[in-house]
Number of protein chains: 4
Amino acid sequence: MVISPKHIQILETAEKLFAAKGFECTTVRDIAEEAGVNLAMISYYFGSKAKLMEYLFEHRTGNIGMRVENLLKNDSLAPMEKVELLIDEHIERAVQQQRFHKIMLCEQVINKNPVIIKVLRKIKIRNTQIIETLIKDGQKKGAFKKPVDVVLLLSTMIGTVNQMLINKTYYRDFNKLDDLTDEQLQALIKKRLSNHIKKLFKAILTNEP
Amino acid sequence: MVISPKHIQILETAEKLFAAKGFECTTVRDIAEEAGVNLAMISYYFGSKAKLMEYLFEHRTGNIGMRVENLLKNDSLAPMEKVELLIDEHIERAVQQQRFHKIMLCEQVINKNPVIIKVLRKIKIRNTQIIETLIKDGQKKGAFKKPVDVVLLLSTMIGTVNQMLINKTYYRDFNKLDDLTDEQLQALIKKRLSNHIKKLFKAILTNEP
Amino acid sequence: MVISPKHIQILETAEKLFAAKGFECTTVRDIAEEAGVNLAMISYYFGSKAKLMEYLFEHRTGNIGMRVENLLKNDSLAPMEKVELLIDEHIERAVQQQRFHKIMLCEQVINKNPVIIKVLRKIKIRNTQIIETLIKDGQKKGAFKKPVDVVLLLSTMIGTVNQMLINKTYYRDFNKLDDLTDEQLQALIKKRLSNHIKKLFKAILTNEP
Amino acid sequence: MVISPKHIQILETAEKLFAAKGFECTTVRDIAEEAGVNLAMISYYFGSKAKLMEYLFEHRTGNIGMRVENLLKNDSLAPMEKVELLIDEHIERAVQQQRFHKIMLCEQVINKNPVIIKVLRKIKIRNTQIIETLIKDGQKKGAFKKPVDVVLLLSTMIGTVNQMLINKTYYRDFNKLDDLTDEQLQALIKKRLSNHIKKLFKAILTNEP
DNA sequence: CATGAATGAGTCTTCATTCAT
DNA sequence: AATGAATGAAGACTCATTCAT
């Protein structure tokens with residue numbers, strides 16, 4: 001399929017609305033109006049609303065992991081350093097693609113569109129394999145404890161980040177951070193998430209205090 | 001409002017379907033058929049589909065925390081023991097009420113029904129306050145480090161559990177646990193979640209290795 | 001059919017609501033709640049909502065005209081005096097039974113329930129006959145001109161009164177009568193209607209200026 | 001809003017059915033079938049059934065009064081001549097737009113849709129102002145008596161015409177006019193209404209016999 | 001290639017009425 | 001005699017999708 005700027009425009013508008021109102025509550029009309037395109041164009045371009053969602057998943061999950069792949073091969077980094085980079089990579093992407101991550105979160109719960117189920121499963125497998133490789137490497141080098149429940153550990157990383165994305169506003173209120181701009185708040189949350197999750201991973205993976 | 005057995009029956013059917021297909025994709029007809037009641041009865045009992053959801057939230061969040069309240073007052077327990085009880089309490093409830101927790105998770109993302117937003121906010125505040133009290137107590141007794149980012153810590157507990165609920169099937173596949181019954185798998189996940197999260201909390205709260 | 005006080009109560013509540021919101025927009029539930037009776041009682045008492053309306057028509061149109069019949073026989077009154085009494089009689093009843101008159105007005109337009117069509121027709125015939133008799137008597141006595149279009153004349157009386165009932169509030173506003181109570185306004189309108197219509201009738205029926 | 005021939009077609013079908021069965025008793029399906037258009041098209045074109053009614057009111061009340069405005073300015077006409085033209089104008093329009101006038105009559109009684117209440121009020125104010133201006137002019141020229149109750153006088157005109165519209169069939173029966181076609185009957189009624197109302201107005205406004 | 005107009009299918013909701021008690 | 005619970009039928013409306021142009 002040829003992807004024109006108009007395709008991107010529609011996809012991003014759809015993403016915004018899906019994240020805000022959910023897939024079902026977003027009408028094709030909403031998307032068309034918000035994106036400033038003709039209503040029929042969406043079916044014309046993507047075939048259907050469901051297919052639009054699938055394209056969105058492809059669009060967002062297409063080119064991930066290049067940097068991570070290289071990271072793994074880099075022998076000059078210690079295992080824990082690699083893990084830390086992975087954590088930061090995930091936080092960065094989750095925050096950058098907040099909307100899409102929210103959509104993914106819901107879609108994982110709902111489980112309806114088989115295509116998306118498949119894409120999600122692929123992502124999960126990929127994620128698990130990467131961290132598994134990393135951990136096994138660390139264990140081989142004696143840097144990490146064994147055994148490690150990889151999925152559980154990954155759940156902590158992904159779950160903590162998701163939960164913080166969901167509770168951004170609540171976090172601001174509870175910690176009385178009203179004077180921060182959205183960008184500042186986001187940066188703060190990223191920093192704190194990073195430190196926090198790294199500490200957690202260290203506790204699970206290493207013997208250091 | 002009087003709650004008859006039929007009310008409960010409808011509520012639980014609705015919960016099941018909402019968790020499986022999402023609120024929007026579940027039609028009132030679905031619920032009526034699955035619950036074996038007349039279509040009109042749902043409006044008759046609950047007023048509307050949206051109200052039904054609200055009643056579900058009330059029904060499920062109504063009487064939580066009695067045990068936790070008592071726990072907090074018990075002076076014979078060490079701070080970390082209290083925290084551990086809290087963790088187990090949460091895991092127990094989340095697994096027991098998996099469906100409802102999935103619904104809550106989605107609703108937090110979507111943010112549509114104001115009544116539910118309010119209920120969710122109340123729950124969050126309650127949860128944060130409980131753990132905050134616990135932590136401050138531990139800090140006063142010198143058992144816990146300071147400072148502690150309460151919301152971040154809570155996000156780890158809730159996020160990890162949610163993520164594991166979502167990935168139950170994936171967890172079985174990845175760890176090759178096909179010979180376990182659903183109950184056994186569930187018990188295993190509960191156990192592992194408990195150990196895992198306790199370890200994480202210890203790493204954040206205490207100085208012990 | 002036995003008419004108990006509860007019947008009356010329901011009928012009058014129904015009348016009030018039918019006049020305010022129309023027959024279709026008034027639900028049986030509305031009537032039951034407003035009347036403080038059980039919902040099922042209305043069907044139980046009257047059979048159906050349509051039948052309730054029919055009973056209302058019977059109830060309100062049952063015992064009219066006794067006074068008028070006597071009036072006609074009274075030989076001590078001049079023809080015009082009789083007509084004037086008739087006019088006042090009509091105004092009095094229309095104002096007293098405003099709600100019912102509004103209902104009748106709508107029902108005449110809508111034409112749906114055959115029973116009510118019949119009742120309305122009977123009333124019309126009766127009214128026309130009475131005034132026709134009166135006019136013929138006046139013509140015989142040389143007091144009234146001939147010919148007279150009875151239905152047209154009646155239309156003026158009934159139409160003017162109806163229109164004023166409908167426009168009560170507008171009449172108050174336009175004539176800046178805000179300081180009057182509802183009762184005072186009503187009395188004023190009755191008085192003015194009476195004078196006005198009598199003048200009109202005189203112009204049509206007699207030769208006097 | 002763009003008004004296509006199909007809009008008009010739907011509006012006129014709706015008008016016909018509203019006049020015959022009332023707004024509430026007319027279903028959108030009725031209108032769609034009678035107009036030979038798709039059911040969804042009515043919402044598509046007008047938004048809702050209520051809005052359709054509002055458009056009908058706008059459509060019918062939009063361009064009234066041009067002729068009347070000019071009439072008022074014409075100095076070659078005597079005050080009573082102007083009044084007579086006004087009466088004929090009203091009769092003509094009421095008979096021409098019988099259906100709509102019936103709808104208006106009912107809507108004035110029921111008072112539900114705020115938009116329509118507003119339109120009706122505007123019409124009433126306009127009507128009253130026109131006739132008030134006419135009458136004041138006549139009074140200044142010494143042609144008319146004073147004082148005159150404008151709303152009462154208007155009620156006679158409008159009420160009489162309405163009542164005759166409602167009772168057309170009855171009028172035919174009572175006066176044994178079965179051999180007349182509908183058009184002939186209508187013409188007769190218009191003629192008689194005109195003479196009748198003019199006579200009434202003369203009686204109220206002037207001193208002549 | 002792009003779109004305005006149109007539509008079939010499906011949704012929630014309301015309501016008068018019924019019926020067992 | 002009276003009623004609380006229940007329901008079948010029908011209503012307005014929405015929406016993704018289609019299709020002629």
Side-chain angles (χ1 to χ4, degrees), chain A residues 2 4 6-7 10 14 23-33 36-53, chain B residues 2 4-7 10 23-32 35-53, chain C residues 2 4 6-7 10 14 23-33 36-53, chain D residues 2 4-7 10 23-32 35-53:
Chain A
V2 188
S4 73
K6 220 163 211 170
H7 281 86
I10 292 171
F23 177 74
E24 295 301 329
C25 289
T26 303
T27 70
V28 177
R29 193 164 248 108
D30 287 340
I31 301 170
E33 277 170 14
V37 302
N38 183 279
L39 171 63
M41 187 178 266
I42 287 167
S43 295
Y44 179 66
Y45 268 15
F46 297 95
S48 73
K49 192 184 160 190
K51 281 251 166 63
L52 169 60
M53 181 70 134
Chain B
V2 188
S4 73
K6 222 161 211 169
H7 280 88
I10 293 171
F23 178 74
E24 296 299 330
C25 289
T26 303
T27 69
V28 177
R29 184 163 264 108
D30 287 340
I31 302 170
V37 302
N38 182 282
L39 172 64
M41 186 176 273
I42 286 164
S43 294
Y44 176 65
Y45 269 13
F46 297 95
S48 71
K49 193 184 158 190
K51 281 252 167 63
L52 170 59
M53 181 70 135
Chain C
V2 188
S4 72
K6 221 162 214 170
H7 281 87
I10 293 171
F23 178 73
E24 296 299 329
C25 290
T26 303
T27 70
V28 178
R29 195 164 248 109
D30 287 341
I31 302 171
E33 275 169 16
V37 303
N38 182 281
L39 171 63
M41 188 178 266
I42 288 167
S43 295
Y44 178 67
Y45 268 16
F46 297 94
S48 72
K49 193 184 160 191
K51 282 252 166 63
L52 169 61
M53 181 71 135
Chain D
V2 187
S4 73
K6 221 161 213 170
H7 280 87
I10 293 171
F23 177 75
E24 295 301 328
C25 290
T26 303
T27 69
V28 177
R29 185 163 263 110
D30 287 341
I31 301 170
V37 301
N38 182 282
L39 173 64
M41 186 175 272
I42 286 164
S43 294
Y44 175 66
Y45 269 13
F46 298 96
S48 72
K49 195 183 155 189
K51 280 251 167 65
L52 170 60
M53 181 70 136

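In this text the structure is predicted, and so the values were computed from the model without any measurement. To find a chain, count down the sequence lines: A is the first, B the second, and so on, and within it residues start at 1.
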Give the dot-bracket string for DNA chain F, reading 5' to 3', where a pair is Watson-Crick or G-U wobble with both distances under 3.5 Å, ( ) marks pairs inside the strand, [ ] marks pairs crossing earlier ones, | marks a partner on another strand, and . marks unpaired. .||||||||||||||||||||
Sequence neighbours excluded, which residues qualify as side chain to side chain donor-acceptor pair (under 3.5 Å) partners of D/Ser48? none
A/Tyr45 vs E/dA2: side-chain N/O to OP1/OP2 distance below 4.0 Å: yes
Would you mind reading off the distance between A/His7 atom NE2 and E/dC1 atom C1', rounded to a whole angstrom? 12 Å
Under the side chain to side chain contact (heavy atoms under 4.5 Å, CB included) test, which residues partner C/Asn38, sequence neighbours left out? C/Ala40, C/Met41
Spacing of C/Phe23 atom CZ and C/Lys49 atom NZ [to the nearest 0.5 Å]: 4.5 Å
Counting any heavy atom closer than 4.0 Å, what does C/Lys6 reach on the DNA or RNA strands: base, sugar-phosphate only, or nothing? nothing
Between B/Lys51 and B/Phe46, which heavy-atom pair has the shortest distance, and what is it? CB-O, 3.0 Å
Of all nucleotides in DNA chain F with an atom under 4.0 Å from a non-hydrogen atom of chain C, which is the first and which the last going 5' to 3'? F/dA1 to F/dG4
Atom pair CZ/CG of B/Arg29 and B/Leu39 - distance to nearest 0.5 Å: 5.0 Å
5'-most contact on DNA chain F (nearest-nucleotide basis), D/Asp30 vs A/Phe23, goes to D/Asp30
By side chain to side chain contact (heavy atoms under 4.5 Å, CB included) - contacts of B/Thr26 (at least two apart): B/Leu17, B/Phe18, B/Lys21, B/Asp30, B/Ile31
Distances under 3.5 Å between nitrogen or oxygen atoms of protein and nucleotides 8-10 of chain E:
from  : atom 1 : to      : atom 2 : distance (Å)
E/dG8 : OP2    : D/Asn38 : ND2    : 2.8

How would you label the contact of D/Thr26 with the nucleic acid (heavy atoms, under 4.0 Å): base, sugar-phosphate, or nothing? sugar-phosphate
Separation between CG of D/Leu52 and NE2 of D/His7, rounded to the nearest 0.5 Å: 10.0 Å
Return whichever of C/Met41 or A/Tyr44 has its heavy-atom-nearest nucleotide of DNA chain F closer to the 5' end. C/Met41
Euclidean distance, atom CD of residue A/Glu33 to atom P of E/dG4 [Å, nearest integer]: 12 Å
